[in-house]
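What follows is a single structure, written as structure tokens, with notes after it.
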Amino acid sequence: MMGRLGPFFVSCLLAFTAGHMFNYTVILYLQEAVGSDLLSGIGFGLAFGSSIVFGWFAGVVCDRMPPHRVIHAAQALFLAGLACLWWAQGGASSEARVAWVLGGAFLGGLAWSFVGPARLTTLAQMARPDELRPAAIIFNLQVLVGFGLAPLLIGVVRSRAGWGAVIALAAAGFVLSSMLIANLRTQANATPSGNSVWADIGEGFRVVGADPLLKQLMLAAVLAYAMTGPLQILLPKLAREVLHLSELPRGAYLGLMALSLITGGISALVLARRVHHGSFVFAGIIATYLVFASLSQITSVALSAATLACVGITGGMVISLVVSGIQAQAPVAMRGRVMSMYSITSQVVPALSGVAAGALVNGVGVTSAIQLSGLVLAGIVALAAWRMGRLRRYSGQSS
């Protein structure tokens, strides 16, 4: 499988690393160069939240046309967004730079709306049926590694060459990612029906709503991804204001997520047939949120790093198991629409929680914001586990 799908997985790793570099650049630039936590939350919301509007359309597009074409178009939008960020930090006036950053963030958000469902739909066409679950976990591993690797790369490159080099590296990642799949060919999933886009979107909702397990897996994805926004907004401030780390150590601290997420994703791949998926998903999410809340009370760099690694490992396992379950449950003809719902969840929920985290830290400070975020989310997940019986009984061995 890896020999046949290897170039696609490498392309995914490059694209998702560059995409998360894009997001972190928006957040850090608005926090540090502009000096606004609230604007950084809004910027992150634009960069990841636009899919709440465009993601539904993206799912229909991925079913109606070859998804490899959608991948290339989405990555071109990322390059346009990076051009806006480059102009904001290098050429725009101080009065206009916030508008350029937010405009670039919106273009990045539009790109995120399409690239996730397009890559997931493409993967389902490339992998054989018996390969789909492990392939989905490996795919999600690329997403998680990109999320963790991005701040480390930013810290190293920025400390030596500045924001311009960071933006150039992200752009090179997208270009190389597209080159790796330049010869890839896919097909439309759905036969032409004459339905409107809205009718096709509605059909996707009906399919998910009619399958209790698929619906509850989607809700589990919402619960799992609610942590991503606070992680991206609050951890940089924790590293700077509580742990007092300088630029390079701060990048290494944030980049620790890369190693822990890799470990979590690999663990999910190894243990997928040995753990009860439903029970592990709920227990893992609750444990992750409680451990995250404990970061607010830790001032030792070593202990904080170990705690953060536990968050990454458990979170990586949970998200990998959830996405593999959704991919396995999705009907072939509706896969673009179903996976677009997952992609919307993976982008909009972090965006909304990121905006909330930005507002919260602006009002109560970073330690209280971390503690409140972790404890409140853990309570919500505990309530959801009690109500979502179908997912609690899900072993992960049935399709």
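Quantities reported herein were computed from a predicted structural model and do not represent experimental measurements. Here, residue 1 is the first one in the sequence, and each next residue gets the next number.
- With rounding to the nearest 0.5 Å, the separation of CD in Q329 from OH in Y394 is 6.0 Å.
- Residues V101 and Q89 are not in side-chain contact: their nearest non-hydrogen atoms beyond the backbone lie 4.5 Å or more apart.
- Here the side chains of L30 and L102 are in contact, with some heavy-atom distance below 4.5 Å.
- In this pair, F106 and F54 present their aromatic rings perpendicular. The plane angle is above 60°, beyond the 30 to 60° band.
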Residue pair H244, V301: steps toward the side-chain contact (heavy atoms from CB on, under 4.5 Å) verdict: CA-CA 9 Å; H244 305 293; V301 174; over 6 Å; no
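- Hydrophobic clustering places V115 together with L5 (ILVMFWY residues linked when any side-chain heavy atoms are closer than 4.5 Å, directly or through intermediates).
- Distance check: N140 CG to Y342 OH gives 4.5 Å after rounding to the nearest 0.5 Å.
- Under 3.5 Å, the side chains of Y253 and S304 contain a donor-acceptor pair of N or O atoms.
- Atom-to-atom distance recorded for F16:CZ and L149:CG is 14.0 Å, nearest 0.5 angstrom.
- A donor-acceptor pair under 3.5 Å is formed between the side chain of R250 and the backbone N or O of L245.
- Annotation: side chain of W386 is not in contact with side chain of F282 (no heavy-atom distance under 4.5 Å).
- Counting non-hydrogen atoms of other residues, nucleotides and ligands closer than 6.0 Å to CZ of R240 gives a total above 12.
- Looking at V60 and R337, their side chains come closer than 4.5 Å, going by heavy atoms from C-beta outward.
- By the 4.5 Å heavy-atom criterion applied to side chains, L85 and W163 are not counted as neighbours.
- Of the possible polar contacts, one joining the R274 side chain to the V270 backbone as a donor-acceptor pair under 3.5 Å is found.
- At a threshold of 4.5 Å between non-hydrogen side-chain atoms, the residues M218 and V338 count as touching.
- Transitive grouping of hydrophobic side chains (ILVMFWY, heavy atoms separated by less than 4.5 Å) brings Y24 and L243 into a common cluster.
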W100 and Y29: CA distance, side-chain angles, deciding distance, ring pair (Phe, Tyr, Trp, His ring centres under 6.0 Å) verdict: CA-CA 12 Å; W100 277 101; Y29 188 81; over 10 Å; no
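- Figure legend: cation-pi geometry between R119 and F8, with NZ or CZ positioned under 6.0 Å from the six-membered ring centre and within 45° of its axis.
- In the displayed structure, W86 atom CH2 is contacted under 6.0 Å by at most 12 heavy atoms of other residues, nucleotides or ligands.
- How far CD1 of I138 is from CG of L13: 12.5 Å, rounded to the nearest 0.5 Å.
- Formation of a donor-acceptor pair under 3.5 Å by the S368 side chain with backbone atoms of G365 is not found in this model.
- For the residue pair Q75/S178, the side-chain donor-acceptor check at 3.5 Å is satisfied.
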side-chain contact (heavy atoms from CB on, under 4.5 Å) evaluation trace for L120 with Q327: CA-CA 8 Å; L120 284 164; Q327 183 76 287; 3.9 Å; yes
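- Looking at T307, its side chain does come within 3.5 Å of a backbone N or O of L303 through a donor-acceptor pair.
- Looking at heavy atoms from C-beta onward, T314 lies out of side-chain contact with M317 at the 4.5 angstrom threshold.
- In this structure, the separation between CD on E241 and OG1 on T367 is 9.5 Å, given to the nearest 0.5 Å.
- At a threshold of 4.5 Å between non-hydrogen side-chain atoms, the residues D200 and D63 do not count as touching.
- When the side chains of ILVMFWY residues are joined at heavy-atom separations under 4.5 Å, either directly or via intervening members, W112 and V175 end up in a single hydrophobic cluster.
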